[in-house]
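Worksheet for the structure shown next.
When a ligand or atom number is given, it counts from 1 through the structure's own listing order.
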Amino acid sequence: MKFVYLAIGASIAEVANAALYENTTSANHTCSIQTPYLSCSTNANPGLVDSCCVETFGGLVMGTQFWDTYTGLESKGQLLPERSWTIHGLWPDFCNGSYTQYCDLSRQFDPDPSPNTTNSLPNGTVVPAYGGPDISPVFEAFGKRDLLEYMNKFWIAQGTPNWELWAHEFSKHATCFSTFDVACYGPQYRENEDIIDFFESTIRYFKKQPTWEWLARWDITPSNSTTYSFAEIRDALASEYGAVPYVGCSGPKYNDTKAGRGSSDNGGTVFNEVWYFSHVFGKPQYGDYVPTDVGSFATTCAKTPGAIRYPSRTNGSEWSRNKP
Ligand SMILES: *[C@@H]1O[C@H](CO)[C@@H](O)[C@H](O)[C@H]1NC(C)=O
Ligand SMILES: *[C@@H]1O[C@H](CO)[C@@H](O)[C@H](O)[C@H]1NC(C)=O
Ligand SMILES: *[C@@H]1O[C@H](CO)[C@@H](O)[C@H](O)[C@H]1NC(C)=O
Ligand SMILES: *[C@@H]1O[C@H](CO)[C@@H](O)[C@H](O)[C@H]1NC(C)=O
Ligand SMILES: *[C@@H]1O[C@H](CO)[C@@H](O)[C@H](O)[C@H]1NC(C)=O
Ligand SMILES: *[C@@H]1O[C@H](CO)[C@@H](O)[C@H](O)[C@H]1NC(C)=O
Ligand SMILES: *[C@@H]1O[C@H](CO)[C@@H](O)[C@H](O)[C@H]1NC(C)=O
Ligand SMILES: *[C@@H]1O[C@H](CO)[C@@H](O)[C@H](O)[C@H]1NC(C)=O
């Protein structure tokens with residue numbers, strides 16, 4: 001199997017066809033000289049603006065984060081950050097809240113595509129599993145070892161090596177932004193610069209959405225001996241972010257727990273996910289956004305007061321901020 005760079009290099013000819021709009025050219029796209037219209041506004045229309053400079057496809061941009069309590073690969077040094085949530089990804093939903101995925105199969109680096117078809121239906125295009133090597137050498141090629149180190153501290157997978165999560169997020173989601181199309185990088189595109197650009201952009205959002213600190217300001221901190229309410233978590237995050245985020249829970253359903261026996265509340269009881277919705281000015285790459293409410297996405301959490309746990313990390317699963 002040839003290395004990542006070659007896999008893309010060999011398909012340059014198809015890359016133009018893989019753009020979200022057939023008329024996206026690899027002419028120069030100098031976005032600093034374009035007006036950075038807000039995504040999902042009437043101006044954010046591919047007939048009116050340069051779709052490489054204003055997000056016109058997936059204009060409802062979401063910074064998504066996880067709260068895991070272990071990684072399963074602690075023995076290999078894959079640890080979670082103390083006093084911090086971890087990055088899930090940066091997602092381009094349509095303005096109406098629906099979405100698509102795996103929009104450019106010429107940029108498929110996900111070893112375990114999920115869903116396994118482009119539309120998650122049996123009749124969709126099958127997403128071929130990536131069988132190539134770890135994509136980490138791409139960082140070195142761009143002189144970005146510091147970025148790789150940061151990602152190994154804050155963009156953490158559970159049950160698989162971190163790079164598989166990064167590759168999954170890139171191929172499933174980055175390829176569905178109009179502004180990350182290969183053609184947008186112009187005549188001097190360097191293979192894989194879109195990958196690095198997506199990772200850096202995702203981090204830009206993550207750093208502006210410090211979930212751990214935001215919750216701690218409201219005295220909501222991880223604990224295995226305290227419970228919280230969905231409403232207090234949602235309201236704390238909404239106050240800090242400026243719009244209501246999606247708050248997600250896994251774990252036992254409340255009605256299946258001892259405390260919730262007989263209840264009709266079948267929401268999850270373990271707080272583990274937050275999605276921050278936004279509209280963005282110009283390219284999402286700039287990280288210049290307006291928070292927007294979660295809209296019609298229903299929480300998966302139990303709503304009964306005091307039903308939710310925000311669990312402590314497993315002993316030995318965190319790296320310490322006090323030690324390098
Ligand atoms: C490019 O194509 C999109 C649809 O694919 C269309 O909406 C848009 O008007 C086209 N832009 C130009 C400049 O022709
Ligand atoms: C949402 O918007 C997308 C993209 O414009 C469109 O394909 C889809 O049909 C819309 N979905 C609904 C439920 O309106
Ligand atoms: C996709 O996964 C589902 C569930 O595991 C399976 O039933 C289906 O056959 C798979 N489809 C393809 C095209 O591999
Ligand atoms: C794929 O399957 C869905 C659901 O069964 C159906 O609505 C849709 O028309 C199918 N699409 C094609 C292209 O056959
Ligand atoms: C676009 O960039 C190329 C270099 O990559 C340059 O040769 C060309 O003059 C530029 N075109 C315009 C219109 O600026
Ligand atoms: C809890 O709710 C789920 C989903 O409605 C249901 O499948 C399950 O049987 C319920 N458990 C109990 C103990 O009623
Ligand atoms: C807290 O509970 C979670 C399960 O919900 C467990 O994974 C974790 O190890 C516990 N933390 C400690 C410090 O015992
Ligand atoms: C985790 O460590 C704390 C003290 O650091 C200790 O009190 C607790 O019992 C440990 N939990 C487990 C599950 O080992």
Side-chain angles (χ1 to χ4, degrees), residues 1 4 7 11 14 17-22 57-58 64 66-69 72 88-89 91-133 135 157-161 163-176 224 227-234 246-275 294 296-311:
M1 174 74 202
V4 185
S11 62
E14 289 119 64
N17 298 331
L20 289 168
Y21 303 116
E22 284 182 4
F57 193 81
T64 61
F66 283 132
W67 180 259
D68 287 333
T69 58
H88 185 170
W91 299 349
D93 277 15
F94 292 127
C95 297
N96 61 18
S98 72
Y99 63 95
T100 184
Q101 55 219 345
Y102 296 106
C103 294
D104 179 358
L105 295 179
S106 73
R107 292 185 285 164
Q108 211 317 73
F109 298 103
D110 184 348
D112 188 15
S114 171
N116 56 10
T117 65
T118 49
N119 63 0
S120 81
L121 297 172
N123 62 10
T125 305
V126 175
V127 181
Y130 169 72
I135 63 168
Q158 189 174 65
T160 63
W163 76 265
E164 296 194 16
L165 171 61
W166 310 336
H168 167 81
E169 292 300 312
F170 174 79
S171 296
K172 178 168 173 172
H173 302 290
T175 56
C176 300
N224 279 1
T227 58
Y228 297 100
S229 299
F230 163 71
E232 71 180 311
I233 292 172
R234 178 201 57 200
Y246 166 84
V247 170
C249 293
S250 63
K253 306 296 178 201
Y254 182 63
N255 68 329
D256 284 333
T257 66
K258 211 163 139 191
R261 190 168 295 153
S263 165
S264 61
D265 185 346
N266 60 13
T269 51
V270 180
F271 178 33
N272 73 337
E273 235 182 316
V274 177
W275 304 346
V294 56
S296 58
F297 277 89
T299 182
T300 46
C301 297
K303 290 188 180 140
T304 305
I308 311 257
R309 297 178 56 234
Y310 176 18

request  = Report the distance from atom OH of Y102 to atom OG1 of T175, rounding to the nearest 0.5 Å.
outcome  = 9.0 Å
ask   = Can you list the residues that meet the side-chain hydrogen bond (donor to acceptor under 3.5 Å, both in side chains) rule with R234, with sequence neighbours excluded?
value = none
request  = For side chain to side chain contact (heavy atoms under 4.5 Å, CB included), just list the numbers for R309 and Y228, CA-CA rounded to whole Å, side-chain angles, deciding distance to a tenth of an Å, and then say yes or no.
outcome  = CA-CA 6 Å; R309 297 178 56 234; Y228 297 100; over 6 Å; no
List, one per line, each side-chain donor-acceptor pair under 3.5 Å for residues 253-262, sequence neighbours excluded.
| residue | atom | partner | partner atom | Å |
| --- | --- | --- | --- | --- |
| Y254 | OH | A259 | O | 3.4 |
| T257 | OG1 | Y254 | O | 2.7 |
| T257 | OG1 | G260 | N | 3.2 |

request  = Measure the spacing between OG1 of T64 and CD of E273 and express it to the nearest 0.5 Å.
outcome  = 7.0 Å
query = Relative to the heavy atoms of V126, which atoms of ligand 3 are at a distance of less than 4.0 Å?
reply = 13 (C)
ask   = Numbering the atoms of ligand 3 from 1, which are under 4.0 Å from a heavy atom of N116?
value = 1 (C), 2 (O), 3 (C), 8 (C), 10 (C), 11 (N), 12 (C), 14 (O)
key: Close-range residues for ligand 6, whose non-hydrogen atoms fall below the 4.0 Å threshold   = N255, D256, N266
inquiry  = Centroid separation under 6.0 Å, is that true for the rings of W67 and Y310?
reply    = yes
Enumerate, atom names and distances included, each donor-acceptor pair closer than 3.5 Å involving a side-chain atom of residues 298-306, sequence neighbours excluded.
| residue | atom | partner | partner atom | Å |
| --- | --- | --- | --- | --- |
| T299 | OG1 | V247 | O | 2.6 |
| T299 | OG1 | C301 | N | 3.0 |
| T300 | OG1 | Y246 | OH | 3.1 |
| T300 | OG1 | C249 | N | 3.0 |
| T300 | OG1 | C249 | O | 3.3 |
| T304 | OG1 | D265 | OD2 | 2.6 |

query = Purely on distance, is any nitrogen or oxygen of T117 under 3.5 Å from one on ligand 3?
reply = no
